[in-house]
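For reference, the structure is listed below as structure tokens.
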Amino acid sequence: MGSGTLITLMLAAIVFSAGGIAVSKILTKGSTNLQKGQAYECGVPTAGSAWKQFNVGYYLFALIFLIFEVEMVFMFPWAVVAKKVGMLALVEILVFVFILFMGFLYAHKKGALKWM
Amino acid sequence: MDFKDIFFYLIAIYILGTGIMAVSTRKIFRASIWLLFSLIGIAAFYFWLNLEFLAAVQVAVYVGGIVVLIIFSIFLTQKTGNQMAKTGTQQTIFAALASLLGFALTAYLVYQHHFGSNQTQELDASIENIGTQMLNPGDGGFLLPFEAVSMLLLSALIGCIVIAMKIKKEETA
Amino acid sequence: MDVKVTPPSEPFPGTVHPTDGGGILLSTLDDVINWARSNSLWPLVFGTSCCAIEMMSTAAAKYDFSRFGFEVARATPRQADVIIIAGTIVNKMAPVLKRLFDQMPDPKYVIAMGACATSGGPFFYNTYSVVKGADHIIPVDVYVAGCPPRPEALLHALITLQEKIKSGATRDQIRIEMKDNGK
Amino acid sequence: MENEELIAQVQTRFPEASIVLGNDFPEVSIDSKQLLPVLQTLKTEPSLAFNFLFCETCVDWKTHFTMVYHLESTTHRHNLVIKANLDRVQPEIETACHLYRAAELHEREIFDLFGIIFTNHPHLRRILLTDDWVGYPLRKDYDDPINMIKL
Amino acid sequence: MFEQVSANNNGELVINVGPQHPATHGVLHLLITLHGETVTKLEPNLGYIHRSIEKMCESLSYRQFIYTTSRMDYLSSHINNHACALGVEKAMQIEIPERAEYIRVLMSELTRLASHQLWWGAMAMDLGALSPFFYAFREREVINDIMEETCGARLTMNYFVPGGVMYDIHPNFVKRVKDFIVLFKSKIAEYDELVTGNVIFQNRMKNIGIISKEDAISYGCTGPTARGSGVSCDVRKNYPYSIYKNVQFDEVLEYGCDAFSRYQVRIKEMYQSVRIIEQLIDQIPEGEFQAKTKAVIKLPKGEFYTRVETARGELGVYIVSEGGTTPYRIKFRSPGFSNLSALEHMVKGHKIGDLVAIMGVLDLVIPDIDR
Amino acid sequence: MISLENISASIHQLLSANLSQTAVILIEMSIIALLAITLFALLGLILVFMERKVSAWIQIRLGPNRVGPKGIFQTTADTIKLALKEGFVPDGADKFLYKLAPFVVMIIAMMLLAPIAFAKNFAMWDLNIGVFFITAISSVSVIGILMAGWASNNQYSLLGAMRSGAQIISYEISAGMAILTIIVLTGSLQISEIVNSQSNGWWLFKGHIPAVIAFVIYIIAVTAETNRAPFDMAEAESELTGGFHTEYSGMRFALFFLAEYINIFIVCAVGATLFLGGWMPFHIGAWEGFNHIMDFIPSSVWFLGKTFFLIFVIMWFRWTFPRLRIDQLLNLEWKYLLPISLFNLLFMTLIAIKGWHF
Amino acid sequence: MITFLKQYFTDIYEAIVSLLKGMKLTGYYFTHHKEIITQEYPENRATLNLPERFRGEVVMPHDENNEHACTGCSACELACPNGTIKILNKFEVNAEGKKKKAIDTFVYHLELCTMCNLCIVACPTDAIKMAQTFEHSVFDRSLLTKKLNQPNSKLREGIE
Amino acid sequence: MTPVGLPHILLLSTALFFIGMFGFFTRRNLITMLMSLELMLNSVNINFVAFNKYLYPQNLSGVFFVIFIITIAAAEAAVAIAIIINLFRSSDSIDVTDAEEMKF
Ligand code: SF4
Ligand code: SF4
Ligand code: SF4
């Protein structure tokens, strides 16, 4: 068992999806025309490819997220033993969270969490 | 050779293959996707080593975080459709040679050295164990690094914000 | 009008299907396919004018075309099966309509709803910009007259389309058949 | 302000304009070159304060075009119609869209359907018809044998 | 070495919204330029449903041309017909019977209700709430049934004719309208519960699409769009036609200038419409429903401008007559056309999501804009 | 009473009695694969049908009722239709990634099924970091969406994908915090242990107010994480037409569709496990008779009942609320959910350590 | 700080209350199936009675002798705004040997008709009326062009 | 073949390390260079884990090191990308050669 299950499930997913796609490949006839393969944009021709440089402000959130995600990673083992370790665990995590919360507050003060 | 070994070789091939694709493909978005697969392969390797926690951390931080961040920054700074310019042949050859040489040297070293196998005890990397050690202020505990990490993260956060906000100010100005 | 009639449930068609030779499987499969297609017609969100309001009424609670499985209106032609031309098509819109139709994956069906889409309707004479019938642009499977057709009429059109799909006939076959019937 | 009073007021400001009381509103006929100054005065003069251009259109009289501007004052609640005749061969008039932003789309439409050139208009392009359309359909002599089936 | 990002391409996207887009309620085509997700430029491209109604009307008789107007702003078809009928009547100086006037105003207000209901549902759908659409249509269907019983059609009624109305109201009409009013009053509370009071909705509506009073006037906005900025522009109040001067109702004005106040104007207008209907429904006088008119209508030479208040704003019908049986030129001053011109002003600097919300609250009917 | 646990155990015994180790593993694996696929397909059909009926009833209409008795074959017809629809690749797309994306999403959805305990002693792999595994793996699905959006070479897709990327990663934190709140109480990440720790009551009730807050936060966060309305920024029909799957058609679209529903199922299953006791029957303190009756209901029914209840709640959200704007959505996370869940977690720790919970 | 927190929590409280209100409403409808107003069209065909004024299509009623009331005066054709009706007349020689105009074919383009009722109003003899049929779906639009007078039908006696 | 043991794993990590290095040398784009760097970091992680697992199973130092490295990698990536984007905004390019000319 163990990680074999994961591989099995992965294979199952692949078989399932590939099977479905294969069935649709076999059983359907498509038609072709000049406009079919073009990108759909509300029914009018698009201006060039979509693969150009974007200007989206999401990356700042991704930055901050990354920091908190790492923090969360540390909290999982902590959470598991917190009850056993007792008060010490609380104190430790308080320090940990407090320091990070400072960062969070800083981000907030600086307006980094506001939408650009 | 039992199942476990076969799996190891499969994982190794997978990691290396996707790794090579990651550094050699010329579409930058694809490069990031290959990198992602390679990282997932490493997570699989940790699974293979029965280090589930590490594997999950690898997936969560690398795949869920770093790669997404990289992809965002790609969108932000590149015309993702274009192919990246080819590196000069000379440089490629030089880099390939250097890498191969380095690899050969290290591989030779690894081959020469006989590691004293110490398989008397199974590594107990269960999450409880990790947690206990992490919160242990005494010897062999990792409390200090644990708290230091928070400082690191804090400084990283502040650093990012300072840098990023500099842009924002410029933009609004 | 609130007489509750339990709708006749459509049986799953993949049952016994006596044909001689090896035709059993194939014709059964075809039946299943046509059954599935006819019962899951996802319309494209497409409406140009007044008829679109009646199309919305048909989607709304009182007439509710979701009973037939049509409610999954898709905004992108890639996932739609049927395009209900609800409203006037003018010259400027014609290429767009054609493009939308072209971009739909097969199989695809078209319903021309209302006088405008069937023939230009009120704007047939003395207008310089109206297409006199959507079938000048894309092939139409079912026409429904009215200005606007009432929701029941649209439902009737959908049922007609379902019948057509179930019979598996193509547009040409139907046309020939109608000629044979002397219509 | 009653219509008579309004007419008198406007007449004193623009002596050269001819003013009649139409079916609904007083109608001021002006020279097409005078349009902008007239509109400017009508809009800024506090006792007139025609700040709302609620309709702008054109009529093809076969011999000439007439631009028709319907103005209203939202403070005084009086209305006025400005008319300006344009040459049929080369219809040109100053745009009103810097005074009344509503005029922008209206003028594009008029350009589209009548072919009247509005000088200084920021983007005078076809709006309703396709860009490659030939002719100006609302002109009386417009004929399109392909698209237009006459009853 | 590696590809340079050209300076002019500073991450701006040009995206087509429409002609086939769920949020444009028809076939409006907007070319928007995005900086990130913020709209920096918006350019409407009309004409995808330009049906040349004005040209067509030049060859239709005065009796006939009214019916095309119900295809323009099909959501206030009665009111459109009303405008045309009024124009013809004014030109011909026909006195129309009291009863017809009452019926007309009742029908107009019912239409306004139905139109606002549809707007409410469609707007909620734009914002991603799908159920309000169905609740709105439930009430709308009741109105439709009432209309159908009297006028014979559900949407494009063609019920008002020069001189009155086509036929008398159905005997059930009064009772059904009264029932409807009772029903509607109980249901409109649901509207508030489900949408107006909803915190998500309020956050999405407030402080977007701001247009000041001066700008609204300058852009020629009318109807709820302008009244949300505090511009008094209700034709029913300012230039009362038909019997509107005899009924008690308030012109709804809000001063928030944002999308939410426009929303509130419409919601409150529904109450006002109900109020008007309540006043009139019991007092429909007996008598003729149609004045005697000649079979062929000829208008005297001249120009006639009629304005009415549709659900979207001021509709003007400008008839130029040469004295024949057909109009020489007809211009419909449609409310949506001017309201649309203010769209860019409202949307600039907001997100795509806001664009959808602002358009939803503008309640554009594209065939009315394109004609 | 037949229940799943016995079946799986007896199968295992039967097999190992007759066959070699390797064969047993292989056969068990294939059984698992088969089960997973069936479960997958079945869940997809049921959930889509449920969604349509729920929406219909909320919207005072009947919903599908003509295909098969009461319309239950409706989604079957839809699936067959989708499978038989031409699935084509746009010309401008990155063909490889375009085709790969649905697989990624599917694989993730499938792997997430592994640690879920469907009944007593019945999980595919009850691994010791169960909950963390789910948190970690589910964050990969954002890559699938980004891939699909980018590969389509369509501006709408790309915008939708980026939105959903930002959204999913943001909400992961508060979902994680909510989970941690319960982990503090259970002291284990293993699903079976988490369930066992609730044998004397569900954490939702035992954990005082912090548990309730955590529950609410969890539900909100997972709704956002699965891209469901009111957080369906990625698809936002009225804004971005189809979002990241605008260009997908036929079976590939069906796979996205399916994966979305499976993801909903999984997050709800986790929610049920953490807060509502998984397959544990509902017990009330000292009511022996009542408890006994409750025990009589099979554990799988309990589990599925709770999960479907949560799914219903999420559907209920969808058909009630308008969509948030993207900046409000991120605001909600960073301004409200994250600080609250952080403090909630600390509070819960205090409770857990002091033993104030029941 | 305190005011900030107070504001913060009242915001949350109010938001939750407003959301719950909405959910209560939808929940009510979910559980009360009697509110469902769907009419099942193809099944309720038998009971479906449309208002008698509903305009579905123009028909020409014929009585049992296969007689109608249309004199062929073309008033409807003129009244119709979009040329839906075409009257083709013929000259009949009646018993007294007088030539008389009579209708040959009453062509009615259902696909063009907008159900505006103008023709009905215009008709002096009430020969045509609106029917309540609405199931006009066809596979081919040429089927929508109809001939309203039945073959061999005649003008009813006494109608001028 | 010998059963998989420490040397095999070390070979794997070495190979990965040099793949990363190859990328680092050939790429001129800061983001791709960062990606190569991540590969190298990961190969180091593999080593840590392998040594821990095979040579010193009695304690957990290797595992902890890996966790900390991942943490640091995350922090590093975040800061690096912030800098890269900053760089890009000011010079419209993220080529290293361009970056060298920049003065901070
Ligand atoms: S058929 Fe009639 S209702 Fe339909 S779009 Fe045309 S004019 Fe409008
Ligand atoms: S109903 Fe109207 S459109 Fe139809 S035939 Fe009669 S007049 Fe013509
Ligand atoms: S139907 Fe009536 S109006 Fe038409 S031709 Fe016959 S008699 Fe005349």
Side-chain angles (χ1 to χ4, degrees), chain C residues 1 44-64 66 71 73-77 80 83 86-97 99-101 103 114-116 120-131 146-153, chain E residues 16 18-29 45-60 64 67-68 70-75 77 114-115 118 121-122 125 130-131 133-138 140-142 144-145 148 153-156 158 365-368 370-371:
Chain C
M1 259 204 264
L44 177 71
V45 184
F46 182 85
T48 58
S49 51
C50 355
C51 279
I53 302 295
E54 283 302 77
M55 191 168 82
M56 279 155 85
S57 304
T58 321
K62 191 165 170 193
Y63 300 100
D64 187 24
S66 74
E71 86 267 43
R74 306 306 308 178
T76 145
I83 175 166
T88 325
I89 302 299
V90 302
N91 285 347
K92 195 170 180 179
M93 191 66 191
V96 178
L97 176 62
R99 193 181 162 89
L100 288 176
F101 179 73
Q103 290 194 336
C116 288
F123 309 104
F124 189 80
Y125 293 105
N126 294 323
T127 56
Y128 51 86
S129 62
V130 175
V131 174
C147 181
R150 50 181 300 124
E152 280 104 340
Chain E
N16 292 300
Q20 190 266 323
H21 189 280
T24 53
H25 294 232
V27 285
L28 182 63
H29 178 191
N45 186 359
L46 306 174
Y48 286 92
I49 187 72
H50 174 59
R51 300 187 279 194
S52 40
I53 287 182
E54 286 174 8
K55 182 83 173 175
M56 199 175 128
C57 287
E58 290 174 11
S59 51
L60 291 181
Q64 289 171 342
Y67 98 113
T68 59
S70 17
R71 270 89 187 157
M72 254 166 43
D73 182 353
Y74 38 77
L75 290 181
S77 56
S115 166
L118 187 127
M125 201 156 72
L130 293 144
S131 299
F133 173 78
F134 291 86
Y135 302 147
F137 259 77
R138 173 186 54 193
R140 194 170 181 275
E141 284 297 336
V142 181
N144 271 353
D145 280 349
E148 193 176 20
R154 290 164 48 87
L155 189 67
T156 51
N158 194 34
V365 170
I366 316 299
D368 174 42
D370 284 356
R371 283 153 288 150

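The figures here come from the full heavy-atom set of this structure, side chains too, leaving out hydrogens, waters and symmetry mates. Naming convention: chains lettered A, B, ... in sequence-line order (proteins, then strands); numbering from 1 in each chain.
Asn126(C) and Ser59(E) share a side-chain donor-acceptor pair at under 3.5 Å.
Using a cutoff of 4.0 Å between basic side-chain nitrogens and carboxylate oxygens, Lys92(C) and Asp370(E) are not scored as salt-bridged. Using a cut-off of 4.0 Å between Lys/Arg side-chain N and Asp/Glu carboxylate O, Arg154(E) and Glu54(C) are scored as salt-bridged.
Note: Phe123(C) and His50(E) fail the aromatic proximity criterion, with ring centroids not under 6.0 Å apart.
Of the two parts of Leu28(E), neither the backbone nor the side chain holds a non-hydrogen atom closer than 4.5 Å to a non-hydrogen atom of chain C. With a 4.5 angstrom heavy-atom cutoff, Glu148(E) touches chain C only via side-chain atoms. Proximity to chain C (any heavy atom under 4.5 Å) is restricted, for Ile53(E), to the side chain, taken from C-beta onward. Proximity to chain E is absent for every atom of Ala52(C), based on heavy atoms less than 4.5 angstrom apart. Residue contact with chain C, scored on non-hydrogen atoms closer than 4.5 Å, involves the backbone of Leu46(E) exclusively. With a 4.5 angstrom heavy-atom cutoff, Ile49(E) touches chain C via backbone and side-chain atoms both. Of the atoms belonging to Tyr48(E), heavy atoms from both backbone and side chain fall under 4.5 Å from chain C.
Interface check for chain E: of the options Cys116(C), Cys147(C), Ala61(C), the most heavy-atom pairs under 4.5 Å are formed by Cys147(C). Your options are Ala94(C), Ala59(C), Cys50(C), and the one with the most heavy-atom pairs under 4.5 Å with chain E is Cys50(C).
With contacts defined as side-chain heavy-atom distances shorter than 4.5 Å, the pair His29(E)/Ile366(E) does not qualify.
Figure legend: Arg140(E) and Phe137(E) shown as a cation-pi pair, the cationic atom lying under 6.0 angstrom from the six-membered ring centre and within 45 degrees of its axis.
Under the ring-ring contact (aromatic ring centres under 6.0 Å, His included) criterion, Tyr135(E) pairs with Tyr29(G), sequence neighbours left out.
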